[in-house]
Structures are given as C-alpha cells and as structure tokens.
Amino acid sequence: MNKLDSELVVGNLQDLGYQQVASIEEASVILYNTCSVRQHAEDKVLTKISQLKKRHQHDRDFVLAVIGCMAERLGEQLLNDYPQVSIVTSPSNIYHLADLIDRAYNERVSDPEKKQLDNRIVELNEQADPDGLERLDTYRDRPEVAHPFMAFVRVMRGCNNFCSYCIVPHVRGRERSRPPQAVYDEVVRLVDNGVKEITLLGQAVNKYQFEADGKMLTLGDLLYKLHDIDGLERLRFVTSYPGNFDKQCIEAMAELEKVCPYLHMPAQSGSDVMLKRMNRHYTIAQYMEIIDMARELVPDVSFAGDFICGFSGETDEDHAATLDLIKNVRYKNCFAFKYSVRPGTTAADKFPDDVPDEVKQKRLAELLAVQREVSLEDNARLAGKRFKVLVEGLSKSPHLAAKVEGMADSQYPQLIGRTGGDHIVVFNGPESMAGQIVEVEIVDASSLTLFGKKA
Ligand code: 5AD
Ligand code: SF4
C-alpha cells in the first residue's frame, strides 16, 4: 500500500513539474513515506529525519514532509521534536501534497528575513476530503517505475478488523471499498499503457464489498469483471484475511485463467489461544479448511503467510503449534516478525509484552529455518516442470553459483521473473524479454529461487 502511495505521489508531483534528483543533497523537497506497523520501521525514519538536522541549521531552503501512517500516529509531536520537518500528513491527505508543499514553500520565500518555515503543517485523517484519494487513484499518471508492466491497484482503504496488536485500523481508518467501475477504469488505463499484471490491494482484500443497483459486489465479482479486459494477462490480490472467509475468490482463482494461483493469507500464529488474544476471529481448523479448499480447487496453488513471534503470553507450545502449521500448509514463503508493541492498540493497553527479546529472536529464527526447509523441499520437487514466467528484467545478483549447466557461461545474461504462483525464477535470456510472459523449464532450486531454462 505504501509503495502504491509513493508511486501516486511521485507521479502527481512529476505531472506538476517536479523532477526527481539523484541525491538527497540536491533535493529541495524531501518526502518520507512512513510505516507504523512496527517500532523498527519508525526508528529508521526518525534516524533519516535526524540526519537532516545539520542541513536545516544552515539551509532553510528545503521542505521536509513526513507522510503516511507514522505521520498520522505521531502528528504534531513530529513537528515539536524535529524543527527540520515542515509537513506532517496522513495517508488520506496525500492527494493534495503538492498544495501543502506550495503553502510551506511560499510562506518561506515570502519572508526571507525570517528564513524560517513557520507555516508548518499538520493534516491528519479527519481533515481529509473523502473523495481526494479517489481522484489521485483514478487519474494516476505513472512515474518511471522499475517494472512498467506490473502495477498495484487499490480496491479498498483502511481496515475494520482491529487485530489487537495492529496499528493499521488506527492510522488508515475504517474499511471502504472503491466503486468497481473506478477500479475497472484504472485497470484499463494501466493496461493501455502496457501493464500486464495487476495486483489488487487491500488490508483485508477479500472483504471487498460494494453495493450497486441493490446488489452487493464482492472480490470474486470484481475479478470476473476485470478478467475480461483485453491485454491484461495476470491478476493477483493481496492480502487475504482468514476470518469469515468467502470462498468465491478461490472459485474465481480456479475458473479464471488470468487470476494467479497464489494466496497470501496471514495466519499470524498456529495457536488458537494466541489467535483469540490477537482478536483474529478464526481458529486454526477454520484456517486449514480454507487452505484445503484452495488446494482442492486450484491445482498448483501456492501460499504465503505472515507470522508474529513472541506475542504477549506466547508459550513454547504456542510457538510449536506455529511451526506445525507451517509444516502442514507448506507455504511458499513466510513473512515473520518479532512482536512490537504499538501504542494505542488493545494489546498495548491490555496484554503485557512479556516474551523476552532473545526468546522472540530465537523463535523467529526457528520459524524461518522451518520455512526454509519446507521451501527447499517443495522447490526441489518442481524440477522438470514448466511454468509461464513474467520476466521482470536482469537479475540484480546473478546466481553464478547456480548448478544449472551452462548458466554462468551462456551468451545471454540472467533474467529474473515470477510464475503465477509467485515463485522467483532465474534463467538466461536476452534482456529484451523483459515484460514478456515466457515458458521456462525448472532445472534446479534453492529455498528462495528456482533456476530454469527457456522451454
Ligand atoms: N508487531 C509485529 N508484527 C506486526 N504486524 C502487524 N502488527 C505487528 C506488530 N505490532 C505484522 C503482521 C502483519 C504484517 C503486515 O505485519 O504479521 O500481517
Ligand atoms: Fe492489521 Fe488485522 Fe487489519 Fe491486517 S487485518 S491490517 S493485521 S488489523
């Protein structure tokens, strides 16, 4: 979601004549789009902001804006603690960031004596124009991006789930689904500009619901509608929420060729006790029902998961249950994090952060080791299979050590791409293949990467 927001902001500013520069020293406008989901993400931004203190002491000629979830969470406090910050604005206000920059900037140039940005601005969610973001999404003009043939499209904003540990509902506000026609028009525009793969975004994307003509449209309906768009080759949706799961999106995955066989569905824990404390509204038995249904309906479906290690009260048994779940589901990959207390959440108020950091660290390492083993075994089984791969471009870190015969000394460079199931594939081919979907035969694998040759 943040990547999309950044792209929209950059595209909008470029439209208005702003140019990106190569280094921060050259910039007269500096934007940090921030995440609040863990303390670590916030600490990184605070370090970056602190690094601009020196420059601010002798140079008042730049505007520093902190945008996104951390801006919403900390608000005014960021201005108080950091005189170098001129704008603090929430995710809902990015549609008019250019106005805010103008305001901050004009104030300064109109008062050269002061050499001080005293028109410092805080704009939080409650001040946002509800239609503002819709305008930004709908009329997006893409800046130069690394992969012009892939794009994110937001279908929902906010989240109503209030998982007890999570800051997102507090900073991104209530769940709202975008009108299907607006999503459709945006996808058509992107496809007209060469996009082949669209990833639909929502914090709990499978809860998409939009009432039109007395009928409630769901994510499944939206997938069917978008599937007809000529020139669109692949559709994905992330992230799915396992509570109160409507299987229509899995049926769409089974029936529609363009919908990729990939389900990113965070479990967060393998223990029902933890899930209850996390306010997740499902049990592991219910989670496994969804997994089993997807396996039954969608051949070659792959799963990705998220886990939190060391949430309040997590015992060795709870942790062991998480490892068991990983072995049962056999995820393609997992994103795992140490629990980080977020002020203002239910967990911060009600549940002590009682798992010592070393234990969180140890459990995280164990979880990743189990996942690595699962990935390695499952990837090894893919040898000999053929997949359609959307080529992203040159592999940034050529896998010279790959055991694939001829790979290191091929006349072609190593390319990187992804299967429909989101497996990363490296193979040799001309750079001009970037953006094409080609068939690749898998020859070898590591836990993170498949190695192949053009079929
Ligand atoms: N601490 C650690 N991880 C968290 N996540 C969300 N909130 C927290 C937190 N307070 C993780 C969840 C979520 C992912 C985006 O971040 O696993 O799925
Ligand atoms: Fe946070 Fe839960 Fe919403 Fe995901 S579903 S964004 S973890 S509150």
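Values reported hereafter were calculated over all heavy atoms of this structure, with side chains retained and with hydrogens, waters and symmetry mates removed. Counting convention: from 1, in listed order, for ligands and their atoms alike.
For the pair Asn379 (side chain) and Ser447 (backbone), a donor-acceptor distance under 3.5 Å is present. No side-chain donor-acceptor contact under 3.5 Å links Arg120 to the backbone of Gln84.
Atoms of ligand 2 lying under 4.0 Å from at least one heavy atom of Tyr165, given by number and element, are 7 (S).
The number of heavy-atom neighbours closer than 6.0 Å to CD of Gln51, taken from other residues, nucleotides and ligands shown, is above 12.
Sorted by first then second residue, the salt bridge (charged side-chain N to carboxylate O under 4.0 Å, His left out) pairs that include residues 63-90, not counting sequence neighbours, are Glu42-Arg73. The list of ring-ring contact (aromatic ring centres under 6.0 Å, His included) pairs with a residue in residues 255-294, not counting sequence neighbours, reads His264-Phe335.
Here the straight-line distance linking atom OG1 of Thr419 with atom NZ of Lys388 works out to 12.5 Å at 0.5 Å rounding.
In this structure, Arg277 satisfies the cation-pi test against Phe351, with its NZ or CZ atom closer than 6.0 Å to the six-membered ring centre and inside 45 degrees of the ring normal. Geometrically, Arg38 engages Phe337 in a cation-pi contact defined by less than 6.0 Å to the ring centre and at most 45° from the axis. A cation-pi contact links Lys225 to Tyr184, judged by a cut-off of 6.0 Å to the six-membered ring centre and 45° from its axis.
Around atom 3 (Fe) of ligand 2, protein N, O or S atoms at less than 2.8 Å number 1.
Proximity of Arg280 to ligand 2 is established by a heavy-atom distance of less than 4.0 Å.
When heavy-atom distances to ligand 1 are checked against 4.0 Å, the residues falling inside are Val37, Arg38, Tyr165, Gln268, Asp306, Ile308, Phe337, Lys338, Tyr339, Ser340, Arg342, ordered by chain and number.
Looking at Lys332 and Asp378, no side-chain N of the basic residue comes within less than 4.0 Å of a carboxylate O on the acidic one, giving no salt bridge.
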